[in-house]
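Per chain, numbering begins at 1; letters A, B, ... match sequence-line order.
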Amino acid sequence: MITIWMHRRRILFLTILFILALILSLTTPGLIAGNKETIHIRGSGSTFLQLQLMAWMTLFHKVHPSITIEYNGVGSGAGQQQFFEHLTDFCGSDPPLSHKTWLEYKGRILQLPIVLGAVAVIYNIPGLGGHRLRLDGEVLSMIYLGKIKYWDNSYIKKSNPGISNLLPHAKIIVVHRSDSSGTTEIFTYYLYRSSNGLWPERLVGKDIEWPVDRTGRGLGGKGNAGIVSIVKNTPYSIGYVELSYAIRYGLDIALLRNRAGYYVEPNTTTIITAGENAARTGLLPGSPTGDFSRELEAIVYSPGKLSYPITCFTHIIIWAKYPLHKAEAIGDFLSWIVSSGDKHIIPGYAPLPGPVKEIIVRAVKLIKAGDEPPMKGDRLFFLALLPFGAIVVAIFIVFISTLLYNSLPIFLHEGLMVYTSSTWRPVENNPGAEAYGLLAPMIGTLEVSFLAIIISFPPGLSLAIMIEEYLPTGLKSVMETIIEVMAGLPTVLYGMWASLFLANYLKSDLMIPSHKALWFIPIFGCMPESPYTVFTAGIILGIMIMPYMVGLILDGIRQIPGKIREACYSLGMTKYETIRILLRLMRPVIIASLLLSLGRAAGETIAVSLTIGNTYNIPECLFTPGYTISSLIADQFGNSGFYVYMTSALYAGGLFLLLLGVITSSTGLYLMRRWKTSV
Amino acid sequence: MSRHRYFKDKLFKITVFLFAMAGITPLFVIMSAIVVNGGKTILSVGPVFFYGLPSSPLSSSPGGIGPALVGSLILMFLSIIIGYPLAFMTAVLAVEFPESLLGRFIDVLVKSLLEIPTILIGVLVYSLLVVPTGNFSAWAGAVALAIVVLPYIYTHVENALRSIPVDVRLASYSLGLSRAKSIFYVFTCEAKRGLLTAMLIGLARASGETAPLLFTIGGNWFTYFQGLSKPIGAVPLLIYTYTLTPYTNYHEAAWGASLVLLMIYLSLFAVFRRLSKP
């Protein structure tokens with residue numbers, strides 16, 4: 001006692017360390033298993049981005065199976081609206097936020113260009129024989145204003161010297177969007193910038209009144225697809241669409257004169273060059289928190305010999321703050337786009353040039369994990385819930401410290417001998433002579449638990465296979481109900497039945513015959529004296545643990561994608577052959593299930609205590625009575641008060657049980673989770 | 001298909017079915033043994049079995065289980081009174097505030113309670129509540145039971161709260177209700193079925209647990225409920241104690257008590273099943 005007093009500080013320190021370590025280790029199984037559910041991210045907006053995001057999502061999902069991203073192409077305008085109403089987590093928008101909207105949400109949102117696109121001018125002129133039409137802003141303006149009437153107009157001839165004689169004297173059919181569209185805005189903005197004042201500023205917008213309509217040669221088409229079909233089916237027509245549509249439908253694409261005076265076609269190089277030169281104008285903000293509303297000024301009709309003039313960015317708009325998991329998931333996705341997404345751009349679009357990509361990298365760093373927009377009274381409510389959380393934390397801390405504190409005396413008395421010796425010597429009134437070793441019940445615990453999982457495995461696996469692979473739906477739920485009833489049946493009922501009913505039959509019909517037949521094997525080497533033996537306890541524990549094991553294996557089978565089964569059957573495999581393949585796939589799950597069941601079995605008390613015979617004995621043979629740690633506690637704890645160290649020794653036994661449980665369950669859950677993510 | 005493969009396939013199917021049947025047979029054997037033996041006891045004793053006191057081991061009558069039965073019902077009720085609010089509030093904390101550190105930690109912590117052997121919970125409550133107060137009590141047993149059933153109730157409440165559709169959440173928030181009001185007025189109605197099944201699963205668990213009671217309630221067989229801070233009896237503990245004795249009339253009483261316990265458990269389970277699978 002004096003030594004304890006002298007070292008009490010050190011002991012206190014060690015105890016606290018122990019407590020922390022134990023709490024940590026006890027919660028690892030949960031940490032491994034929990035918080036790894038699928039994270040769903042929802043977005044909506046620009047229709048173009050839908051195709052690109054789908055292309056990215058399928059690839060991204062392979063790397064991050066726990067994140068799914070959903071996206072609806074509802075149009076940029078509707079996308080922004082849904083995003084600001086918190087219906088979605090992000091929005092895809094072709095135009096950036098207007099200056100006014102940006103001011104309203106400044107600091108709370110991040111805007112990032114995600115990919116480059118272009119508007120192509122398409123035409124349908126029979127007889128050009130593969131020659132490409134060349135156009136510039138002035139000519140296009142005059143066409144869309146209705147001032148140029150025929151294809152063989154001298155302005156057009158002037159920019160197409162090589163094919164001037166091929167241009168037909170046919171009326172130009174001018175096609176434009178009939179619906180409100182970002183494409184129209186970019187196209188009209190290009191006309192305004194490149195036509196030396198021919199195209200007035202008032203005719204720039206998503207939906208304008210087209211002067212050419214008054215001449216009777218104008219036609220409206222709904223959506224990119226509408227324009228494509230009109231131009232395709234109308235000879236001598238001209239129109240403008242997103243480049244990807246022009247490529248997909250194989251339409252003739254005009255070369256456009258850029259600011260430097262060169263005629264260029266829209267392709268990856270000319271689009272990226274336009275983006276690069278836009279970044280150099282200084283009109284683009286360098287950070288996702290900045291105002292992008294002047295972005296068109298920078299990128300449309302941008303300088304540079306190789307720049308395609310009608311180029312634009314498509315954007316993703318996100319919040320600056322998300323709940324933790326979402327913040328991480330969105331960050332992962334954006335980082336992936338920067339690192340790998342670039343290589344998978346669908347035709348018609350181009351990856352971002354380096355300096356613009358920096359904006360995304362910066363955005364990833366800026367996304368914060370935090371509360372959702374706070375609601376009234378939330379903080380107070382959270383505070384009101386705190387005591388309940390504190391109670392659970394307190395239960396844990398108090399439990400573990402009591403366990404450690406109470407087992408401390410036996411460690412001071414005999415050190416680790418308590419786990420390595422098998423003497424059990426309670427002596428009254430002479431504490432020095434007391435000696436307690438837990439080796440025998442520890443071996444008993446392991447023996448009984450192993451026996452239990454060996455017994456329960458064949459029926460457990462068979463039940464899982466039968467339920468999932470053989471039974472029709474109706475019978476399936478009946479069988480599952482039976483398993484559930486078994487799992488929840490009070491353990492004392494199993495124990496009582498085994499003790500008063502099963503044990504005698506086991507002795508006369510199973511234990512004695514198997515001893516007589518297999519006496520030369522050590523574990524069968526003794527004649528059973530009593531019906532209450534390690535063997536009996538193992539059998540009843542096996543029966544009890546079986547439903548738990550079935551649940552775990554079923555959980556595993558259900559994770560296997562149906563396509564594997566279909567593949568097997570389509571190869572003409574029989575059910576047996578298919579199940580063999582499934583079982584091979586499931587090997588880690590089965591090992592995990594056995595481990596978790598072992599942990600459960602080791603902690604069971606009542607049924608074991610009623611059947612094991614409660615004798616301190618290293619059970620070298622299965623047909624002798626014994627103890628498990630838990631039955632030892634149940635049996636001895638009541639009397640332990642007569643002795644100085646026995647209570648403490650029993651607490652040390654509890655510590656062993658707890659550690660065994662932590663090890664089996666954390667390994668089991670770890671295997672289970674690793675397997676689930678790999679399937 | 002070759003005959004060989006066909007034969008193998010059939011053989012496998014038969015093996016699986018045989019093992020599966022062997023797996024569930026014990027349940028039916030146990031239940032019928034309890035019904036037959038327990039029924040015999042109850043019929044021979046009559047209704048006195050439910051409210052009478054135990055008899056002497058020297059007599060031939062099994063006696064009654066009255067005090068234990070009443071004790072069990074009180075313990076079940078008490079453990080739910082303690083365990084349910086705790087489980088509900090911690091589940092709300094974990095589901096509604098998943099971004100807070102405590103919210104995430106509590107989820108892991110509560111589920112880890114499953115890993116502590118129930119006998120250990122009994123022993124710990126003994127040294128924390130029984131020893132300091134100086135006597136076994138209904139309180140101590142109820143606290144131990146509440147801790148044992150906490151993770152089960154918690155999991156069911158958590159599932160119920162998580163299954164509330166986003167539309168309902170948004171609708172509730174957009175009415176201007178605070179989070180607390182949304183939970184107590186809207187979500188609890190929306191998830192009432194799940195919240196009720198959580199309670200039933202807690203009751204079913206509490207009805208059958210024995211190990212946590214071993215060193216906490218003392219076990220009163222001859223006296224009815226005397227107060228929350230006094231010892232109390234319980235049916236599962238009675239079955240355990242009687243089974244360990246060598247007396248035939250006590251064994252008979254254990255069978256009878258088992259039938260009572262089985263009926264309590266099965267009726268709770270039936271209601272639970274009915275509610276969880278509409």
Side-chain angles (χ1 to χ4, degrees), chain A residues 26-27 29-31 34-35 323-324 371 375-378 381-382 385 388-389 391-393 395-396 398-399 402-403 406 458-460 462-463 465-466 481-482 485-486 488-493 496-497 499-501 543 546 574-576 603 605-606 610 630 633-634 637 654 657-658 661-662 665, chain B residues 1 5 8-9 12-13 16-17 19-20 22-24 26-27 30 33-34 86 89-90 92-93 97-100 102 104 106-112 115-120 123-124 127-128 147 178-180 204 207-208 210-211 214-215 236 239-240 243-244 251 254 258 261-262 265 269 273:
Chain A
L26 205 62
T27 51
L31 287 173
N35 297 326
L324 180 69
D371 298 344
M375 276 189 285
K376 211 173 71 188
D378 255 16
F381 181 46
F382 180 69
L385 286 172
F388 295 94
I391 289 174
V392 175
V393 176
I395 289 174
F396 252 83
V398 170
F399 266 25
T402 310
L403 192 57
N406 283 330
S462 301
L463 269 168
I465 292 175
M466 184 173 88
T481 309
I482 291 176
V485 171
M486 273 188 96
L489 199 70
T491 54
V492 70
L493 295 183
M496 186 230 38
W497 172 75
S499 170
L500 298 183
F501 184 87
I543 292 173
M546 198 240 2
T574 62
K575 207 146 203 169
Y576 161 62
T605 314
I606 294 301
L610 286 171
S630 51
I633 297 175
F637 193 76
L657 273 187
L658 201 63
V662 166
S665 61
Chain B
M1 203 192 319
R5 287 175 66 208
K8 251 191 176 168
D9 190 43
F12 179 73
K13 186 173 176 180
V16 163
F17 272 68
F19 268 117
I24 57 166
L27 176 69
I30 291 173
I34 290 175
L86 193 55
M89 291 303 191
T90 44
V92 167
L93 196 58
F97 299 95
E99 65 277 12
S100 70
L102 189 66
R104 271 178 296 147
I106 221 74
D107 183 65
V108 173
L109 215 52
V110 173
K111 286 175 180 165
S112 304
E115 306 299 329
I116 303 182
T118 52
I119 179 84
L120 221 49
V123 165
L124 289 164
S127 50
L128 289 168
I147 294 171
S178 70
R179 189 102 65 135
S207 73
T210 317
L214 217 45
F215 308 115
I239 299 172
Y240 177 75
T243 307
L244 280 174
H251 289 178
S258 295
L261 182 56
L262 183 68
Y265 167 72
F269 186 87
R273 193 72 190 179

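In this structure, chain A has heavy atoms under 4.5 Å from both the backbone and the side chain of B/Tyr240. For a residue to count as touching a neighbouring chain, one of its non-hydrogen atoms must lie under 4.5 Å from one of that chain's; by this rule B/Ile147 touches chain A with the side chain only. Only the side chain of B/Ala33 comes within less than 4.5 Å of a heavy atom of chain A; its backbone N, CA, C and O stay farther away. For a residue to count as touching a neighbouring chain, one of its non-hydrogen atoms must lie under 4.5 Å from one of that chain's; by this rule B/Ile34 touches chain A with the side chain only. Residue B/Phe215 touches chain A through its side chain alone, counting heavy-atom pairs closer than 4.5 Å. Contact annotation for A/Ile543: only side-chain heavy atoms (C-beta onward) come within less than 4.5 Å of a heavy atom of chain B. Heavy-atom distances place both the backbone and the side chain of B/Ile119 under 4.5 Å from chain A. B/Ile106 touches chain A through its side chain: at least one heavy atom from C-beta onward sits under 4.5 Å away, while N, CA, C and O do not. Looking at A/Met546, only its side chain comes within 4.5 Å of chain B, counting heavy atoms on both sides.
Within the 4.5 Å cutoff, the side chain of A/Val393 has heavy atoms near those of the B/Leu109 side chain. You'll find the side chain of A/Phe637 stays beyond 4.5 Å of the side chain of B/Leu214, heavy atoms only. The closest side-chain heavy-atom distance from A/Phe382 to B/Leu93 is below 4.5 Å.
Among the candidates A/Leu500, A/Asn406, A/Thr402, the residue making the largest number of heavy-atom pairs closer than 4.5 Å to chain B is A/Leu500. For the options B/Thr118, B/Val110, B/Ile30, B/Val92, heavy-atom pairs under 4.5 Å to chain A are most numerous at B/Ile30. Among A/Ser630, A/Gly603, A/Ala634, A/Ser499, the residue with the largest count of heavy-atom pairs under 4.5 Å with chain B is A/Ala634. Of all the listed residues (A/Ile395, A/Ile391, A/Leu489, A/Ile465), the one sharing the greatest number of non-hydrogen pairs under 4.5 Å with chain B is A/Leu489.
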request  = Dump the intermediate steps for side chain to side chain contact (heavy atoms under 4.5 Å, CB included) on A/Leu403 and B/Val123, then the final yes or no.
outcome  = CA-CA 9 Å; A/Leu403 192 57; B/Val123 165; over 6 Å; no

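Rounding to the nearest 0.5 Å places OG1 of A/Thr481 at 13.5 Å from CE of A/Met486. How far OG1 of B/Thr90 is from CG of B/Asp107: 9.0 Å, rounded to the nearest 0.5 Å.
Atom NZ of B/Lys13 sits in a sparse spot, with 12 or fewer heavy atoms from other residues, nucleotides or ligands closer than 6.0 Å.
Residues that satisfy the side chain to side chain contact (heavy atoms under 4.5 Å, CB included) test with A/Thr491, not counting sequence neighbours, are A/Met544, A/Glu604, A/Ile606.
Using the six-membered ring where Trp is involved, A/Trp497 and A/Phe501 have ring planes that are parallel, under 30° apart on the 30 and 60° scheme.
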